[in-house]
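Notes follow the structure.
Note that the structure is predicted; figures quoted are calculated from it, not measured.
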Amino acid sequence: MRAIGQDEFGGPEVLKVIEVERPEPGPAEVLVRVHAAGVNPTDSWHRATGGLAGTVIRLGWDVSGVVEAVGPGVTTLAPGDAVFGMPRHPIPAGTYAEYVTSPARHLVRKPAGLTHVQAAALPLAALTAWQALVDVADVRPGQRVLIHAAAGGVGHLAVQIAKARGAHVIGTARSAKHDFLRGLGADELVDYTRTDFESALAPVDVVIDTIGGEYGPRSLRTLRESGTLVALASPAEAYLADQARPFGLRAVFMVVEADQTGMREIAALAEEGLLRPEIDTVLPLERAAKAHELADSRRTTGKIVLTVTD
């Protein structure tokens with residue numbers, strides 16, 4: 001089968017089409033014929049550095065496709081089921097390929113109202129937003145939620161999930177993206193290139209920081225007492241917990257996990273029309289290097305998706 005591989009760390013140019021043996025599902029696993037695979041910032045990080053694996057890996061976690069075969073003991077899915085999900089994260093999954101195996105319970109059935117491209121854009125980014133907002137911050141109706149890089153892959157989905165939870169949503173983004181974010185339900189917007197968000201905002205209850213660096217300490221200053229900052233960008237952000245504690249604040253560094261319960265919630269929101277991914281660019285599998293070049297620019301709105309099977 002065709003897949004995207006690399007034999008060294010580096011820029012997008014290290015990615016190439018390779019031929020590998022089609023995998024077989026093991027116990028409690030399914031084999032998925034991949035229709036589309038989402039591209040995420042963590043893919044670029046692993047491509048360039050080895051990431052959490054520390055070695056060259058086959059890239060990709062987001063997948064939407066059709067179950068081709070099931071391994072021993074699978075009871076929840078059957079051949080022919082259209083599914084989507086985020087297998088194995090943070091263990092390498094290799095969804096940039098024509099076929100991928102996944103634990104059956106890392107996938108859920110694809111909502112009929114979503115195309116495979118739309119479904120492939122959701123899992124990692126939407127699960128990140130869901131786990132940050134719901135599992136960590138426990139966002140409740142009426143709370144003020146600040147989302148940095150609100151037009152990005154995680155950000156634009158976090159806006160929609162926070163609105164579905166009844167929150168007052170504030171986003172940072174360039175002015176050119178404000179109309180897009182208002183269309184998703186954002187209540188307040190700050191152009192971070194023109195305005196200091198720290199001084200422009202009334203206190204907030206929750207901050208979702210997808211950027212890292214100076215944004216963490218600055219965001220702590222926007223929180224009201226007992227507020228929560230969820231840092232998503234780098235393990236280095238763990239130091240924020242010590243800065244937050246003396247002020248009665250909470251800061252948490254989070255890595256997204258495979259989560260069938262969360263995926264079912266995401267599928268339900270999509271079925272209700274409350275969650276839709278913005279697709280910036282769709283490219284065929286063999287143009288994975290171009291997809292990573294676009295992703296590395298950090299100027300996209302929403303998600304980049306690779307198509308594998310028509």
remark   = When rounded to the nearest 0.5 Å, the distance separating CG of L220 from CG of L249 is 6.0 Å
Considering all heavy atoms, the nearest A137-V206 contact = CB-CG1, 3.7 Å
key: Exceeds 12 heavy-atom contacts within 6.0 angstrom, atom CZ of R58   = yes
note = With sequence neighbours left out, the residues meeting ring-ring contact (aromatic ring centres under 6.0 Å, His included) with H89 are W61
Validation row: D62, K303 side chains within 4.5 angstrom (heavy atoms) = yes
message = For R218, is there an ion pair with E198 - N to carboxylate O distance below 4.0 angstrom?
response = yes
key: Distance in Å, L306 CG paired with H35 NE2, rounded so as to fall on 0.5 Å steps   = 15.0 Å
Donor-acceptor side-chain pairing of D209 and S219 below 3.5 angstrom = no
message = Once side chain to side chain contact (heavy atoms under 4.5 Å, CB included) is applied, do any residues pair with T128, and if so which ones, sequence neighbours excluded?
response = L124, V154, L232, M254, V256
request  = Drop me the distance from L189's CG to I147's CD1, to the nearest 0.5 angstrom.
outcome  = 10.5 Å
request  = Enumerate the residue pairs fulfilling salt bridge (charged side-chain N to carboxylate O under 4.0 Å, His left out) with a member in residues 142-162, sequence neighbours excluded, ordered by first and then second residue.
outcome  = R144-E188
inquiry  = Working note: K16 + D7, criterion salt bridge (Lys or Arg N to Asp or Glu O under 4.0 Å); need CA distance, chi angles, decisive distance, verdict.
reply    = CA-CA 9 Å; K16 57 188 177 182; D7 50 25; 2.7 Å; yes
inquiry  = In this structure, is the centre-to-centre distance between the rings of H148 and F197 below 6.0 Å?
reply    = yes
remark   = Residues R105 and T76: closest non-hydrogen pair is NH2-CG2, 3.5 Å
ask   = Any donor-acceptor pair under 3.5 Å linking the side chain of D191 with the backbone of T193?
value = yes
query = In terms of side-chain geometry, is the basic nitrogen of R221 or D196 positioned less than 4.0 Å from the acidic oxygen of its partner?
reply = no
ask   = Any Lys/Arg nitrogen of R140 or D138 sitting under 4.0 Å from an Asp/Glu carboxylate oxygen of the other?
value = yes
note = Distance col, row D259:CG vs D135:CG, nearest 0.5 angstrom, shows 6.5 Å
task = List the steps, then state whether side chain to side chain contact (heavy atoms under 4.5 Å, CB included) holds for L157 with L184.
result = CA-CA 9 Å; L157 298 172; L184 298 181; over 6 Å; no
Sequence neighbours excluded and cut-off under 3.5 Å, please list the side-chain donor-acceptor pairs for residues 277-287, or say none.
from : atom 1 : to   : atom 2 : distance (Å)
D280 : OD2    : T301 : N      : 2.9
E286 : OE1    : R2   : NH1    : 3.3

key: Derivation and outcome, salt bridge (Lys or Arg N to Asp or Glu O under 4.0 Å), residues D296 and R47   = CA-CA 11 Å; D296 289 357; R47 178 209 74 223; 2.9 Å; yes
message = Under a 4.0 Å threshold between the charged nitrogen and the carboxylate oxygen, would R88 count as salt-bridged to E29?
response = yes
Compile the donor-acceptor pairs under 3.5 Å between side chains in residues 240-247 and protein atoms, sequence neighbours left out, one pair per line.
from : atom 1 : to   : atom 2 : distance (Å)
D242 : OD1    : R245 : NH1    : 3.1

message = Side chains of T42 and N40 only: does a donor on one sit below 3.5 Å from an acceptor on the other?
response = no
key: Over all atoms of both residues, closest heavy-atom pair of A104 and L77   = O-CD1, 3.7 Å
message = Please determine whether side chain to side chain contact (heavy atoms under 4.5 Å, CB included) holds for the pair E8 and V56, giving the CA-CA distance in whole Å, both sets of side-chain angles, and the decisive distance to 0.1 Å.
response = CA-CA 6 Å; E8 60 180 326; V56 173; 5.6 Å; no
task = Quick one: do Y96 and V34 satisfy side chain to side chain contact (heavy atoms under 4.5 Å, CB included)? Show the steps, please.
result = CA-CA 8 Å; Y96 293 9; V34 179; over 6 Å; no
key: Flag, side chain of H46 to backbone of I57, donor-acceptor distance under 3.5 Å   = no
note = When every non-hydrogen atom of P123 is compared with those of F84, the smallest separation belongs to CG-CD1, 3.9 Å
message = Donor-acceptor check, side chain of R33 to backbone of V66, threshold 3.5 angstrom: yes or no?
response = no
ask   = Roughly how far apart are R22 CZ and Y99 OH, rounded to 0.5 Å?
value = 5.0 Å
ask   = Is the side chain of T172 donor-acceptor paired with the backbone N or O of A149 at a distance under 3.5 Å, no angle test?
value = yes
ask   = Quick check: are there more than 12 heavy atoms from other residues, nucleotides or ligands sitting under 6.0 Å from CZ of R298?
value = no
key: R276 side chain vs A270 backbone, donor-acceptor pair below 3.5 Å   = yes
request  = Walk me through it: do V30 and L107 pass the test side chain to side chain contact (heavy atoms under 4.5 Å, CB included)?
outcome  = CA-CA 9 Å; V30 297; L107 304 171; 3.6 Å; yes
inquiry  = I'd like to know if the side chain of S297 and the backbone of L294 have a donor-acceptor N/O pair within less than 3.5 Å.
reply    = yes
request  = Verify, without hydrogens or angle tests, whether E265 (side chain) and T261 (backbone) share a donor-acceptor contact under 3.5 angstrom.
outcome  = no
task = List the atom of P79, the atom of E68, and the distance in Å for their closest heavy-atom pair.
result = CB-O, 3.9 Å
message = Is it the case that over 12 heavy atoms from other parts of the model lie below 6.0 angstrom from the CD atom of E13?
response = yes
remark   = With sequence neighbours left out, the residues meeting salt bridge (charged side-chain N to carboxylate O under 4.0 Å, His left out) with K163 are D187
key: Closest approach of A295 to S44 (non-hydrogen atoms, all atoms of both residues)   = CB-OG, 4.3 Å
